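Written below as structure tokens is the structure these notes are about.
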Amino acid sequence: MLVRSIYRGIRSEFGRNVFGYGCRSSRGISTNALGINMDELPKLHPSLLKRAETLRVELEDLETKITSGTFDQETNVKFSTISSILEEFAKYENYRENVASIIEMLNEENGNDQEIIDDCVSELKEYIPKLISATSKVQVKLIPKVSNYDKPTIMELRPGVGGSEAQIFTNDLLSMYINFANTKRWGWEIISKTEGTLGGLTEAILSVNEPGSYDVLRHESGVHRVQRVPATETKGRTHTSTAAVVVLPKLSEGNESSLLEDERQFAPGEIRIDTMRSGGKGGQHVNTTDSAVRLTHIPTGIQVQQQDERSQPRNKAKAFSILRSRLAALDREREIAEQKSLRTTQVSTTDRSDKIRTYNYSQNRVTDHRCGFSLHDLEGCLSGEKLEDIIEAVEQEEVRERIESL
Amino acid sequence: MARISPRLIKDAYSISPLLPYFLRANPNISLAKQELKWVQEELPQSEWRKAARSRHNLYPLQYILGSQPFGSLDIICKEKVLIPRPETEEWVLRLCSVLKESAQNLSIVDACTGTGCIALLAKHELKDSAKVAAFDISTDAYQLSMLNRDAHKLDVNIVKADLSEPAQLMHICSSFDLILSNPPYIPLSDYKLPVTLNGIEKSVRKFEPKSALVGEMEFYDLLVQNLVRPFGASGFVFELGYREQAEFIRKQFCEEEWGSGILKDYSGNVRCSIGWKRGSNLDILERLCDEVL
């Protein structure tokens with residue numbers, strides 16, 4: 001009885017859901033005398049186990065390749081990523097075996113020797129939390145990564161409904177992401193920024209230059225909603241406004257040297273490039289400072305315009321970089337839609353049209369609607385320090401969803 | 001110049017008290033905002049008002065800010081020297097991308113170099129695969145191009161020389177493969193016309209040097225007689241503004257020996273005359289042509 005209560009204690013301490021796959025079907029199946037069942041402990045989904053197996057084979061292949069003298073950057077990087085995944089997997093297996101052997105010992109003992117039971121309980125107390133954390137870690141690593149996960153990020157922010165208050169909120173979001181990048185020590189730059197009225201923004205494009213930042217920031221894509229009393233409100237009423245954030249993987253640097261390669265990604269005639277047409281004869285006749293460049297991707301109709309730089313080639317390079325990112329995002333959306341149509345059950349979407357998060361000023365609360373997580377520290381979120389907590393909650397929710405859909 | 005409506009001035013003023021000053025040069029408010037932003041980014045606050053007033057007088061923004069981006073270089077701009085144009089930037093970059101692919105050990109000269117932009121960008125793009133020289137008759141241009149060369153630490157030989165004095169040119173080098181130039185090409189009659197009648201912008205007429213703008217056929221004649229022929233060049237690219245000028249240049253060469261064509265700029269205007277000696281390694285210049293003459 002004692003063991004069971006301790007076990008329950010552990011379970012309630014970490015919450016049922018952290019036990020991961022397998023903890024649902026446990027009730028009523030063979031249990032030992034003390035009520036502990038191996039099936040109730042966290043374990044990996046069979047398809048993830050299969051993936052671990054294929055990775056192991058792949059690693060062996062790479063090993064023979066490397067010992068036979070092949071040496072290039074790609075194999076090396078692959079080797080180190082796979083071995084780090086398998087390392088986590090080995091830890092998970094190790095803990096699971098430990099726990100299994102302790103439970104077996106308990107089963108054999110059947111509650112006769114109190115000293116042994118005490119030992120087992122204290123060991124379980126140590127190993128079960130370790131197993132839980134190892135399982136969730138290895139789950140995240142074993143799930144196939146989204147495409148472009150290792151890339152830097154481009155974030156586009158635009159006000160939605162709510163007029164100038166929405167523009168001000170867009171500015172607040174921009175500074176939140178800048179603060180977040182600063183706390184993570186990630187390099188960033190503002191690609192373009194159009195100011196509206198009263199200190200708001202009608203558009204901003206932020207580039208976060210850290211490779212791999214896309215895998216974190218992509219969870220920010222969607223409509224953000226704010227509920228507060230705007231500075232412009234005279235009667236003290238709370239307003240609701242929104243801003244849309246689009247997160248794209250950054251595929252090129254967006255400077256003169258990347259321009260040539262970017263242009264090569266497209267077939268001739270696929271892109272229409274519009275620049276300011278000089279009045280009259282152009283050349284020496286006129287001296288224009290208008291360096292705006294607009295690209296139109298003809299197959300999709302996507303348009304990108306850049307005018308912030310004084311140099312026309314620089315505007316063009318930036319526009320090409322943004323265009324490539326938008327097209328990559330489009331590909332990903334298509335990919336998700338295809339996967340979704342294959343599934344029988346509909347998973348909740350992270351569609352752009354859905355509001356994903358609410359910033360409620362009067363309650364000092366930020367709630368993410370995808371995972372139901374609430375953070376009661378709005379200041380901390382906007383200063384970039386607590387934003388990671390929310391993103392992690394969303395990430396876990398995504399992992400859970402993806403495992404379910406396997 | 002179109003009248004600026006009081007409404008537009010009011011709108012501009014509500015965004016920034018300095019913005020209305022930029023409306024004369026940019027009747028479109030978003031362009032005016034863009035210019036004001038660049039002024040605020042590049043100049044100390046104490047100079048903003050002065051800059052706005054100068055711009056109201058149509059004084060070129062490049063002289064106010066002191067520079068103009070040209071390819072990946074920032075070219076220093078000063079009064080009495082022509083400001084580099086985006087059309088020039090476009091053809092120089094196109095030329096360099098063609099030359100980069102194949103041509104090696106080229107010797108290039110840029111005549112009437114002005115700020116030095118063409119020669120410096122060519123050297124910057126082609127690096128050690130080309131030897132680049134440049135000259136200009138104007139002392140102001142000569143000094144400014146030297147300043148630009150030193151600012152970018154590029155190995156370009158710049159001299160002060162007169163295109164009409166072959167003896168002076170012989171000092172630079174004994175032979176050149178490729179001659180580049182953006183000589184004055186606006187006929188005096190058009191120099192006096194407004195931009196709507198295919199003439200020139202008021203800002204250009206008021207503030208940029210007439211000596212860098214006014215010319216018709218004479219400079220192309222000199223370029224062919226004093227540079228292309230005596231130096232044994234096998235290719236040239238000359239910027240121009242009129243189809244007649246391209247046809248004039250075409251007539252200077254025998255069709256069997258020389259190929260020739262026209263390059264158009266992003267606005268679709270005739271912008272360069274291109275020539276290459278048939279069978280030489282510069283016949284790759286044909287790839288630049290939008291139209292072969």
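Here the structure is a predicted model, which is why all the values come from computation and not from measurement. A note on names: the letters A, B, ... follow the listed sequences, proteins ahead of strands, and every chain is numbered from 1.
Most heavy-atom pairs under 4.5 Å with chain A: of the set B:Pro84, B:Ser67, B:Pro60, B:Ser14, this distinction falls to B:Ser67. Top candidate by heavy-atom pairs under 4.5 Å with chain A, chosen from B:Leu197, B:Val270, B:Asn182, is B:Asn182. The residue among B:Glu239, B:Glu35, B:Gln62, B:Glu41 with the most heavy atom pairs within less than 4.5 Å of chain A is B:Gln62. Note: B:Gly71 leads B:Ser30, B:Pro194, B:Ser203, B:Gly71 in heavy-atom pairs under 4.5 Å with chain A.
Annotation: side-chain hydrogen bond (donor to acceptor under 3.5 Å, both in side chains) contacts of A:His239 (sequence neighbours excluded): A:Glu233.
Using a 4.5 Å cut-off between heavy atoms, B:Leu213 contacts chain A through both its backbone and its side chain. Residue contact with chain A, scored on non-hydrogen atoms closer than 4.5 Å, involves the side chain of B:Leu93 exclusively. Contacts between B:Ser72 and chain A at a heavy-atom distance below 4.5 Å involve backbone atoms as well as side-chain atoms. Contacts between B:Gln68 and chain A at a heavy-atom distance below 4.5 Å involve backbone atoms as well as side-chain atoms. With a 4.5 Å cut-off on non-hydrogen atoms, B:Leu73 touches chain A through its backbone but not through its side chain. Heavy atoms of A:Asp274 lying under 4.5 Å from chain B are absent altogether. With a threshold of 4.5 angstrom between heavy atoms, B:Glu42 approaches chain A through side-chain atoms but not through N, CA, C or O. Neither the backbone nor the side chain of B:Ile15 has a heavy atom closer than 4.5 Å to any heavy atom of chain A.
Checked for salt-bridge contact, B:Lys37 and A:Glu195 miss the test: no charged N lies under 4.0 Å from a carboxylate O.
Judged by distance alone, with hydrogens and angles left aside, the side-chain atoms of B:Asn269 form a donor-acceptor pair with the main-chain N or O of A:Lys281 at under 3.5 Å. Proximity of a side-chain donor or acceptor of B:Gln34 to a complementary backbone N or O of A:Asp290 within less than 3.5 Å is not detected. A donor-acceptor pair under 3.5 Å is formed between the side chain of B:Tyr185 and the backbone N or O of A:Gln284.
Applying the 6.0 Å contact sphere to NZ of B:Lys192 captures no more than 12 heavy atoms from other residues, nucleotides or ligands.
Using a 4.5 Å heavy-atom cutoff, the side chains of A:Thr289 and B:Asn26 are in contact. Using a 4.5 Å heavy-atom cutoff, the side chains of B:Pro69 and A:Glu309 are not in contact.
How far CG of B:Asp265 is from OG1 of A:Thr275: 8.5 Å, rounded to the nearest 0.5 Å.
Across all their heavy atoms, A:Ser291 and B:Trp38 have their closest contact at OG-CH2, 3.9 Å. Among all heavy-atom pairs drawn from A:Gln312 and B:Pro86, the shortest one is NE2-CB, 4.4 Å. B:Glu89 and A:Ser311 get closest at one heavy-atom pair: OE2-OG, 4.1 Å.
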